[in-house]
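Working notes for the structure below.
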Number of protein chains: 2
Amino acid sequence: MTDADDTPMTPPTEEAPSSDVARGSGVALWKQIAERIEADIAEGRLKPGARLPTEAELAERFGVNRHTLRRALATLTDQGFIEATPGRGTFVKEPPLRYPITPRTRFSEIVSGEGRAPGGRVIGSRIEAADADIAAALKVPPGTEVLRLDMLREADSVPLTIGTHWYIADRCRDLDFIAAATGSVTRALEALGLGDYRRLETRITARLADEEERELLALPPGRAVMVVESINGDPKRQPIQFTRARFSADRVQLVVKN
Amino acid sequence: MTDADDTPMTPPTEEAPSSDVARGSGVALWKQIAERIEADIAEGRLKPGARLPTEAELAERFGVNRHTLRRALATLTDQGFIEATPGRGTFVKEPPLRYPITPRTRFSEIVSGEGRAPGGRVIGSRIEAADADIAAALKVPPGTEVLRLDMLREADSVPLTIGTHWYIADRCRDLDFIAAATGSVTRALEALGLGDYRRLETRITARLADEEERELLALPPGRAVMVVESINGDPKRQPIQFTRARFSADRVQLVVKN
DNA sequence: AGTTATTTGTTCGTATGTATC
DNA sequence: AGATACATACGAACAAATAAC
């Protein structure tokens, strides 16, 4: 049961170099260590991507057994602050990019807005027949010709998402060509007079990344991708585009503002 | 080019009832088979949860090699229509429950709205000190006492999500008790006069389910959970609750309407 | 608890038609 | 025409997970 506990708040004995965990203070040593390291990260003394000292070294520095130290690192790991790879070391994780889902969502604007450099390349494009899903989203009969465009998008040269876009083919001939030339779907659509699209509905699910996705997104095995399907329409809410994007769940956090 | 060729259409010596894939028709056998099975699912002849005949049997029924049949099943698998488990068989997937993310999102209302029976139980509750994340979300100083409530929620007795809710402790004494009694956080909050909360911001990410999550959600290894963090506030947009819910990505699709 | 049968998953090998250079 | 690459289709055998007894 939950008791409103009476443990005294541990005074911040900060003037010490960096060690000194308070033994017998009622707060578990591993918890004190975890909080210290978390504070180091939160306050920028440990920057994203930085490598932590080895477990042995940290254990010595805090004056605890390596097991105790590992208990602290374990909680930090599943809180998402750090990540350890056997043989390499333990690293401070990059904070995920906040990716807002709003009626007007543009990849490059979002990435620039977060102070990072958007990039990407067209993986491929072709005309295909709409299957049931695509047809329903675009409100056309199944089998209608659609232009499919596959893109890889990145921020600061780190791949974030693989996006597959479907457009009703006869509304946007040559879109793939223009997009490849300008490197921007948005600009290509503008060139065709279809620039002002807005998000009508977004569906989100997730699963394990498959091999192709791991390759393109540079992910180790066992990572998840978020599959974000969105129907985009013109100002009159007429669907003009259907997108299925697969985001690296490690590197992106979707944000819905209400 | 697929010419209207002069190869004699192989006579359907198949007098079998439902088979007959058209050989030499220009359409790959596996594709025809996949489309047939997809239609069977779409038109309800194969219901969600139903088990398909074994690969050997299907191959024989369609008059093709098992490889060819497997090629068809493979596309259906990654289109999300079916799912196979070695030793058990191949099953038609249940469609994921559509879970809207709106300012006013209530689990039980959503599940009932989809025609399924909401359920759940309290896993545990305790008073704890707010860590940096929780404190920031609730706009209180770190270390403030918060009531933590862990719940498992299900639809038709199938677990969908593990929700951890944090409330500012002194605003809702006895909430855990009332919630355990009534079985509904919403009702318990109403009893405390905090019923009319609304979602202020929602953050979504995903990762592999860990062992505890697999246990509670009855998931096999290698499945993903969506981690949905939401800040909920009163009508004056004052935060009163922070929730971190982990949804089975297999069984739920989050929907954002714009 | 252990054995067996069932069923999916994987890996060889072979042959054939089709599109491309 | 020839060479090459690629997708399609078939055959056989074995591995691995599961269910039933």
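Letters A, B, ... are given to chains in the order of the sequence lines, protein chains preceding strands, and every chain is numbered from 1.
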Let's see if you get this right: which residues in residues 51-58 of chain B place a heavy atom under 4.0 Å from DNA chain D? none
When rounded to the nearest 0.5 Å, the distance separating CZ of B:Arg71 from CG of B:Asn65 is 14.0 Å
Not counting sequence neighbours, which residues clear ring-ring contact (aromatic ring centres under 6.0 Å, His included) with B:Trp30? List them please. none
Rounding to a whole Å, what distance do you find between B:Leu29:CG and D:dA7:C1'? 12 Å
In the 5'-to-3' direction, what one-character label does each nucleotide of nucleotides 10-16 of chain C receive under the scheme B = base within less than 4.0 Å of a protein heavy atom, S = sugar-phosphate only, - = no such atom? BB-----
Taking the side chain of B:Ala84 as heavy atoms from C-beta outward, which of D:dC10, D:dT8, C:dT8 is closest to it? C:dT8
Begin from the C-alpha positions of B:Glu114 and B:Ser112 and carry the test side-chain hydrogen bond (donor to acceptor under 3.5 Å, both in side chains) through to its verdict. CA-CA 5 Å; B:Glu114 295 280 316; B:Ser112 322; over 6 Å; no
Please determine if A:Glu83 and A:Arg223 form a salt bridge, counting it only when a charged side-chain N lies under 4.0 Å from a carboxylate O. yes
Treating primed atoms plus P, OP1 and OP2 as sugar-phosphate and everything else as base, which nucleotides of nucleotides 16-21 of chain D get B, S or - for protein heavy atoms under 4.0 Å? -BSS--
Using 0.5 Å steps for rounding, measure from the CD atom of A:Glu55 to the NE2 atom of A:His67. 10.5 Å
Residue pair A:Ile127 / A:Val146, side-chain heavy-atom distance below 4.5 Å: no
NZ/NE/NH1/NH2 to OD/OE distance under 4.0 Å, A:Arg199 and A:Glu201: no
Look up atom NZ in B:Lys93 and atom OG1 in B:Thr77, then write down how far apart they are to the nearest 0.5 Å. 9.0 Å
Are B:Arg36 and B:Phe62 in a cation-pi setup, meaning NZ or CZ lies under 6.0 angstrom from the ring centre and within 45 degrees of the ring axis? no
Should B:Arg61 and B:Glu57 count as an ion pair when the cut-off is N to O under 4.0 Å? yes
Is the phosphate of D:dT8 approached by B:Thr68 (side-chain N or O, under 4.0 Å from OP1 or OP2)? no
How close or far is atom P of D:dC10 from atom CG of B:Leu69, stated in whole angstroms? 10 Å
Is any side-chain N or O of B:Asn65 closer than 4.0 Å to OP1 or OP2 of D:dG11? yes
Difference in axis direction between the ends of the helix from C:dG2-D:dC21 to C:dC21-D:dG2, five pairs, 10°: 10°
Rounded off to whole Å, could you give me the CH2-to-C1' distance for the B:Trp30 and D:dC10 pair? 17 Å
Rounded to whole angstroms, how far apart are CZ on B:Phe91 and P on C:dT7? 11 Å
Quick one: salt bridge (Lys or Arg N to Asp or Glu O under 4.0 Å) partners of A:Arg198, sequence neighbours excluded? none
Enter the distance from A:Ile82:CD1 to A:Ile37:CD1 here, rounded to the nearest 0.5 Å. 6.5 Å
Rounded distance in Å - CZ (B:Arg71) to P (D:dG11): 19 Å
Salt bridge B:Glu128-B:Arg126, side-chain N to carboxylate O under 4.0 Å: yes
